[in-house]
K.L.:
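Mind looking over this structure? Questions follow.
Fair warning: this is a prediction, and the values are worked out from it, not measured in the lab. As the structure lists them, so they are numbered: ligands from 1, and atoms in each ligand from 1.
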Amino acid sequence: MTDFVRFPDSFIWGTATSAYQIEGAWQEDGKGPSIWDTFAHTPGNIQDRSTGDTAADFYHRWPEDVALMRSLGLQAFRFSISWPRVLPEGTGRVNPAGLDFYDRLVDGLLAAGIQPVVTLFHWDLPQALQDKGGWPSRETADAFGEYAAVAARRLGDRVPAWITLNEPWVAAFAGHYTGDHAPGWRDAKAALQAAHTQLIAHGQAVQALRSLCSNHPKIGIALTLSSVQPASQSEDDLAAAGRYDLILTRLFLDPLFHGRYPAELQAGFPGLFPDVRPGDLDAASAPLDFLGINYYSRDVIRHNPDIPWIQAEPVQPEGSPYSQMWEIYPPGIYEVLARVWRDYHPASIWITENGVPVPDGVDADGRVRDFRRTAYLLDHLVQVRRAMDEGVPVEAYLVWSLLDNFEWAYGYKMRFGLVYVDFETQQRIIKDSGHWFARVIRDHGFAAVKEQI
Ligand code: FCB
């Protein structure tokens with residue numbers, strides 16, 4: 001007898017993407033530039049010297065891609081709206097052609113029986129707003145509220161689920177502290193302020209969506225969370241892991257769910273504490289219908305006094321399996337779910353991203369045999385089910401990603417898709433993992449034996 005890992009019939013299965021990573025059409029139909037256009041066009045920022053100018057050409061090929069999703073039986077498709085496609089200057093003038101694109105996409109998905117899950121911000125901030133200070137500036141939150149209202153007025157009668165922000169931690173810290181992402185700053189204080197403005201922006205968007213969407217959609221936010229563990233039981237490493245978790249996890253979840261910043265933030269980093277004004281955290285802690293969790297790996301942390309400010313750094317434990325980017329650690333998704341449920345009790349949890357980069361290629365018979373991806377997804381779903389068995393209310397699982405796409409600072413060398421994309425011809429080929437996932441959706445689960453995948 002093999003164990004069949006079964007999920008509830010109501011469980012939502014889908015895939016996730018983002019605008020800059022798939023759309024292309026970076027200056028078509030009145031779109032304004034985003035900070036990712038600027039960043040990718042600046043030599044030295046993207047490892048393979050590529051850009052998202054064309055990406056997977058989803059802007060033109062979406063009908064074909066919706067048909068592909070339908071053939072896989074996907075129930076939900078997470079995509080993001082490119083803010084500068086809709087508001088080329090970030091605020092003020094609306095670009096009707098940009099809004100029309102998302103309107104048609106939403107209708108196309110609904111007609112195919114697929115729920116659109118719309119992210120408002122997945123990192124492509126309008127360059128015009130960056131020029132006025134970007135996320136470290138409070139005005140950007142007001143602009144986001146305005147943009148959320150524009151999107152809600154147009155799509156808020158049909159979209160069943162919205163995500164305000166994707167991974168504000170990455171936008172704040174990769175964008176403003178390590179400088180690996182747009183806008184490429186290296187300033188810890190700006191990073192913390194960028195985190196705070198995003199929380200205010202999130203609050204404003206929740207308010208706009210609640211008041212303007214006529215179909216009572218589900219509203220959430222997507223955070224990247226990892227299981228943070230000390231590299232040893234030494235006092236230094238334990239403290240370093242605590243600091244890392246403070247910034248990755250509690251900096252966002254405490255305000256969102258408890259309406260306050262952790263006391264350790266002020267105590268530990270007094271000079272960096274953001275400018276918090278009365279009412280900011282009330283708005284940020286408006287009740288959510290679901291918490292989106294993006295999970296990829298764990299972070300094993302050791303103390304390192306040479307790392308400015310946080311004095312903590314992730315290390316790669318020996319003997320673990322790795323992908324091209326991270327350690328593969330399936331129990332971590334269970335650990336994150338159990339911890340979030342224990343400490344924050346969200347109404348519902350959606351896995352809004354989970355996936356793995358594999359250097360896939362097309363075999364002579366035209367198949368893409370990405371066994372490692374299927375094994376990764378299977379192992380993580382077993383752990384998701386384990387958390388659900390213990391009462392954690394997980395209601396959706398979205399694979400990152402539908403298509404191979406532009407993986408930020410790595411460019412196109414990281415392939416995350418269930419569907420292979422030949423970036424020369426834009427041909428799509430469903431990988432073995434995509435066929436497996438389609439069967440999981442159809443059967444509401446899978447046999448937990450690797451020989452059968
Ligand atoms: C997440 C991002 C997503 C994708 C995956 C691999 O941090 O939200 O856009 O790049 O990582």
K.L.:
Between Arg415 (side chain) and Val421 (backbone), is there a donor-acceptor pair under 3.5 Å?
P.N.:
yes
K.L.:
Any salt bridge linking Asp254 with Arg250? Criterion: basic side-chain nitrogen under 4.0 Å from a carboxylate oxygen.
P.N.:
yes
K.L.:
Under 4.0 Å between a Lys/Arg side-chain N and an Asp/Glu carboxylate O for Asp245 and Arg339?
P.N.:
yes
K.L.:
Mind listing the N or O contacts between ligand 1 and protein, cut-off under 3.5 Å?
P.N.:
{"residue": "ligand 1", "atom": "7 (O)", "partner": "Glu167", "partner atom": "OE1", "Å": "2.6"}
{"residue": "ligand 1", "atom": "7 (O)", "partner": "Glu167", "partner atom": "OE2", "Å": "3.0"}
{"residue": "ligand 1", "atom": "8 (O)", "partner": "His122", "partner atom": "NE2", "Å": "3.3"}
{"residue": "ligand 1", "atom": "8 (O)", "partner": "Asn166", "partner atom": "ND2", "Å": "2.9"}
{"residue": "ligand 1", "atom": "8 (O)", "partner": "Glu167", "partner atom": "OE1", "Å": "3.4"}
{"residue": "ligand 1", "atom": "8 (O)", "partner": "Glu167", "partner atom": "OE2", "Å": "3.3"}
{"residue": "ligand 1", "atom": "8 (O)", "partner": "Glu353", "partner atom": "OE1", "Å": "3.1"}
{"residue": "ligand 1", "atom": "8 (O)", "partner": "Glu353", "partner atom": "OE2", "Å": "2.9"}
{"residue": "ligand 1", "atom": "9 (O)", "partner": "Gln21", "partner atom": "OE1", "Å": "2.8"}
{"residue": "ligand 1", "atom": "9 (O)", "partner": "His122", "partner atom": "NE2", "Å": "2.8"}
{"residue": "ligand 1", "atom": "9 (O)", "partner": "Trp408", "partner atom": "NE1", "Å": "3.0"}
{"residue": "ligand 1", "atom": "10 (O)", "partner": "Gln21", "partner atom": "NE2", "Å": "3.3"}
{"residue": "ligand 1", "atom": "10 (O)", "partner": "Glu407", "partner atom": "OE1", "Å": "2.7"}
{"residue": "ligand 1", "atom": "10 (O)", "partner": "Glu407", "partner atom": "OE2", "Å": "3.1"}
{"residue": "ligand 1", "atom": "10 (O)", "partner": "Trp408", "partner atom": "NE1", "Å": "2.9"}

K.L.:
Please list all pairs meeting salt bridge (Lys or Arg N to Asp or Glu O under 4.0 Å) that have one or both residues in residues 162-186, counting only residues at least two apart or in different chains.
P.N.:
none
K.L.:
Is the Phe77-Trp62 ring centre distance short of 6.0 angstrom?
P.N.:
no
K.L.:
May I ask you to check whether His176 and Trp135 place their ring centres under 6.0 Å from each other?
P.N.:
no
